[in-house]
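Working notes, beginning with the structure itself.
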Number of protein chains: 2
Amino acid sequence: MTSRPAVVPAPAAIPDRLSPVDGLAQLSFLVYGTLERLAAEHDLSIVQTRLLGVLRDRKPTMNQLAKLLGLDKSSVTGLVDRAQRRGLVARVPSTADRRAVLVNLTDDGRSLVSQVSTRFEAEVSTMLGLLPSRDRQALSRIMSRLLAAHAADEGVDLFADLDAG
Amino acid sequence: MTSRPAVVPAPAAIPDRLSPVDGLAQLSFLVYGTLERLAAEHDLSIVQTRLLGVLRDRKPTMNQLAKLLGLDKSSVTGLVDRAQRRGLVARVPSTADRRAVLVNLTDDGRSLVSQVSTRFEAEVSTMLGLLPSRDRQALSRIMSRLLAAHAADEGVDLFADLDAG
DNA sequence: TATTGTTATACTCTATAACTATA
DNA sequence: TATAGTTATAGAGTATAACAATA
């Protein structure tokens with residue numbers, strides 16, 4: 001029962017005890033902003049970082065990429081264009097379907113996303129290091145539980161196939 | 001010690017136990033995405049929602065607004081233009097400084113941000129409701145602790161004045 | 001006919017630089 | 001001179017609609 005739900009976390013106002021919703025909102029903005037800042041150090045936007053991120057263990061078609069990123073295929077064309085211009089990804093014609101184009105991470109792209117990823121991991125770890133070890137463990141356990149419960153609640157199919165649909 | 005730090009939370013891959021960093025990252029994307037989706041239902045972007053959010057308890061100048069949102073003043077001009085065109089905010093000339101312009105929430109703007117805020121609160125509460133009550137309390141406590149520790153670590157001045165600097 | 005990807009177009013969001021009006 | 005705000009311009013990111021090539 002928060003009287004003023006914080007859509008925008010007020011950075012300078014952190015009372016002793018936040019409501020769960022406010023705490024989650026502020027923490028989410030903090031983590032999201034951290035990734036944004038670290039990516040920007042490498043001239044990457046969040047969406048460019050996500051693009052490289054999903055390509056780390058996939059070589060999807062443009063269409064599959066659109067589904068993975070939740071974007072229209074025309075948006076992905078521009079996104080990949082700009083990443084390709086920087087030499088971070090490559091387009092490879094599909095041999096199986098001559099309409100299709102496979103998108104690949106280049107070595108430069110892989111190196112870049114690894115750097116951002118490592119920096120992010122380090123920064124968040126440092127932040128979590130501010131907590132007593134027991135809290136950190138409890139937080140980890142509860143967050144896993146929450147994500148699992150939410151996934152189940154949304155009916156997420158853990159074996160959903162990219163090619164399906 | 002995660003072998004593959006998740007810059008991009010893979011939505012379909014939620015193992016039993018996430019590393020604290022991965023859990024935090026995935027949870028943050030989930031909460032951020034929730035706000036984005038709810039705002040979009042009212043044709044608001046995240047940044048427009050933030051704009052309305054910071055105006056709920058302030059009537060800042062354009063300059064102060066730029067600092068609050070972390071944007072260049074020219075970006076804020078456009079942001080406020082579009083919100084004003086929709087009747088969500090109003091520009092009021094400052095009487096104290098005839099160069100300055102104060103930005104106000106209109107009744108429509110206040111109503112809209114309240115709706116989004118309420119929906120967000122409800123949605124996140126529902127998600128948190130998936131947790132046992134004890135976990136929810138522990139999560140709340142730990143998140144508050146983490147945010148406070150981080151703020152202290154960053155040397156945040158809780159009494160920072162808008163007009164200062 | 002249906003699907004894959006691109007192009008044309010329009011809009012939001014962002015920043016830099018130049019400008020006007022005030023201080 | 002310095003500050004507040006706008007404008008001009010450029011670019012990223014997004015979507016819709018229309019299109020060409022292939023299935």
Side-chain angles (χ1 to χ4, degrees), chain A residues 32-33 36-37 39-54 59-86 88-104 162-165, chain B residues 8 32-33 35-37 39-54 59-86 88-104 162-165:
Chain A
Y32 194 93
E36 201 162 37
R37 175 169 50 79
E41 288 178 6
H42 297 270
D43 289 305
L44 286 175
S45 64
I46 289 267
V47 68
Q48 285 285 340
T49 306
R50 287 187 68 210
L51 169 63
L52 302 186
V54 301
K59 296 192 194 342
T61 66
M62 294 293 285
N63 224 342
Q64 291 168 339
L65 207 41
K67 282 170 191 158
L68 283 164
L69 298 174
L71 297 173
D72 189 85
K73 56 186 178 167
S74 64
S75 304
V76 176
T77 294
L79 212 55
V80 170
D81 280 350
R82 291 184 290 274
Q84 190 172 18
R85 211 179 301 145
R86 288 179 61 181
L88 303 176
V89 306
R91 279 177 166 96
V92 180
S94 164
T95 51
D97 183 340
R98 280 166 43 223
R99 295 171 302 179
V101 174
L102 303 176
V103 185
N104 260 293
L162 261 180
D163 300 316
Chain B
V8 176
Y32 194 93
L35 179 55
E36 201 162 36
R37 174 169 49 79
E41 287 178 6
H42 298 269
D43 289 303
L44 286 175
S45 65
I46 289 268
V47 67
Q48 286 285 339
T49 307
R50 286 188 68 209
L51 168 63
L52 302 186
V54 301
K59 295 192 194 344
T61 65
M62 294 293 285
N63 224 341
Q64 292 169 339
L65 206 42
K67 283 169 191 160
L68 283 164
L69 297 175
L71 298 173
D72 189 85
K73 56 186 180 168
S74 65
S75 303
V76 177
T77 294
L79 213 55
V80 170
D81 281 351
R82 292 184 289 274
Q84 190 172 18
R85 209 179 303 145
R86 287 179 61 179
L88 303 176
V89 307
R91 278 177 167 99
V92 181
S94 164
T95 51
D97 182 340
R98 281 167 40 223
R99 294 170 303 179
V101 175
L102 303 176
V103 185
N104 261 293
L162 260 181
D163 301 317

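Quick note on labels: first sequence line is chain A, next is B, and so on, each numbered from 1. Computed over heavy atoms, backbone and side chain alike; hydrogens, waters and symmetry mates excluded.
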Legend entry - Distance, rounded to the nearest Å, where A:Leu71 contributes CG and C:dT12 contributes P: 19 Å
Legend entry - Side-chain N,O (B:Gln48) to OP1/OP2 (C:dC13) below 4.0 Å: yes
Inset, instruction - Could you check A:Ile46 against B:Val101 and say which one's nearest nucleotide on DNA chain D is further toward the 5' end? - result: B:Val101
Inset, instruction - Considering just the side-chain nitrogens and oxygens of A:Arg91, establish if one lies under 4.0 Å of OP1 or OP2 belonging to C:dT6. - result: yes
Legend entry - Per B:Leu79 side chain, nearest of listed nucleotides C:dC13, C:dT6, C:dA23: C:dC13
Legend entry - salt bridge (Lys or Arg N to Asp or Glu O under 4.0 Å) between B:Arg91 and B:Asp81, intermediate numbers included: CA-CA 9 Å; B:Arg91 278 177 167 99; B:Asp81 281 351; 2.9 Å; yes
Inset, instruction - Answer with base, sugar-phosphate or nothing: what part of the nucleic acid does B:Asp72 contact at a heavy-atom distance below 4.0 Å? - result: base
Inset, instruction - Quick one: label B:Ser75 by what it contacts on the DNA or RNA (base, sugar-phosphate, nothing), any heavy atom closer than 4.0 Å. - result: base
Legend entry - Out of D:dG13, D:dT6, C:dT7, whichever nucleotide has its closest atom nearest the side chain of A:Thr77: C:dT7
Inset, instruction - Establish whether the base of D:dT16 is bridged to the side chain of A:Ser74 by a donor-acceptor pair shorter than 3.5 Å. - result: yes
Inset, instruction - For B:Gln48 and B:Ser45, indicate whether the former's side chain and the latter's backbone hold a donor-acceptor pair under 3.5 Å. - result: no
Inset, instruction - Select from A:Asp81 and B:Gly70 the residue whose nearest nucleotide in DNA chain C is closer to the 5' end of that strand. - result: A:Asp81
Inset, instruction - Figure out the NZ/C1' separation between A:Lys73 and D:dA17, and round it to whole Å. - result: 10 Å
Legend entry - D:dG13 phosphate, OP1 or OP2, under 4.0 Å from A:Ser45 side-chain N/O: yes
Legend entry - N/O (side chain, B:Arg82) to phosphate O (OP1/OP2, C:dC11) under 4.0 Å: no
Legend entry - Side-chain donor or acceptor of B:Ser75 paired with backbone N/O of B:Leu71 under 3.5 Å: no
Inset, instruction - Look at the side chain of A:Arg99 and decide which nucleotide, out of D:dT22, D:dT3, C:dC13, has an atom nearest to it. - result: D:dT22
Inset, instruction - Mind checking B:Ser94 for me? I need base, sugar-phosphate or nothing, with any heavy atom below 4.0 Å counting as a touch. - result: nothing
Legend entry - Side-chain N or O of A:Asn63 closer than 4.0 Å to phosphate OP1/OP2 of C:dT3: no
Legend entry - Closest heavy-atom pair and its distance - A:Leu68, A:Arg50: O-NH2, 3.8 Å
Legend entry - Atom pair CE/OG of A:Met62 and A:Ser74 - distance to nearest 0.5 Å: 9.5 Å
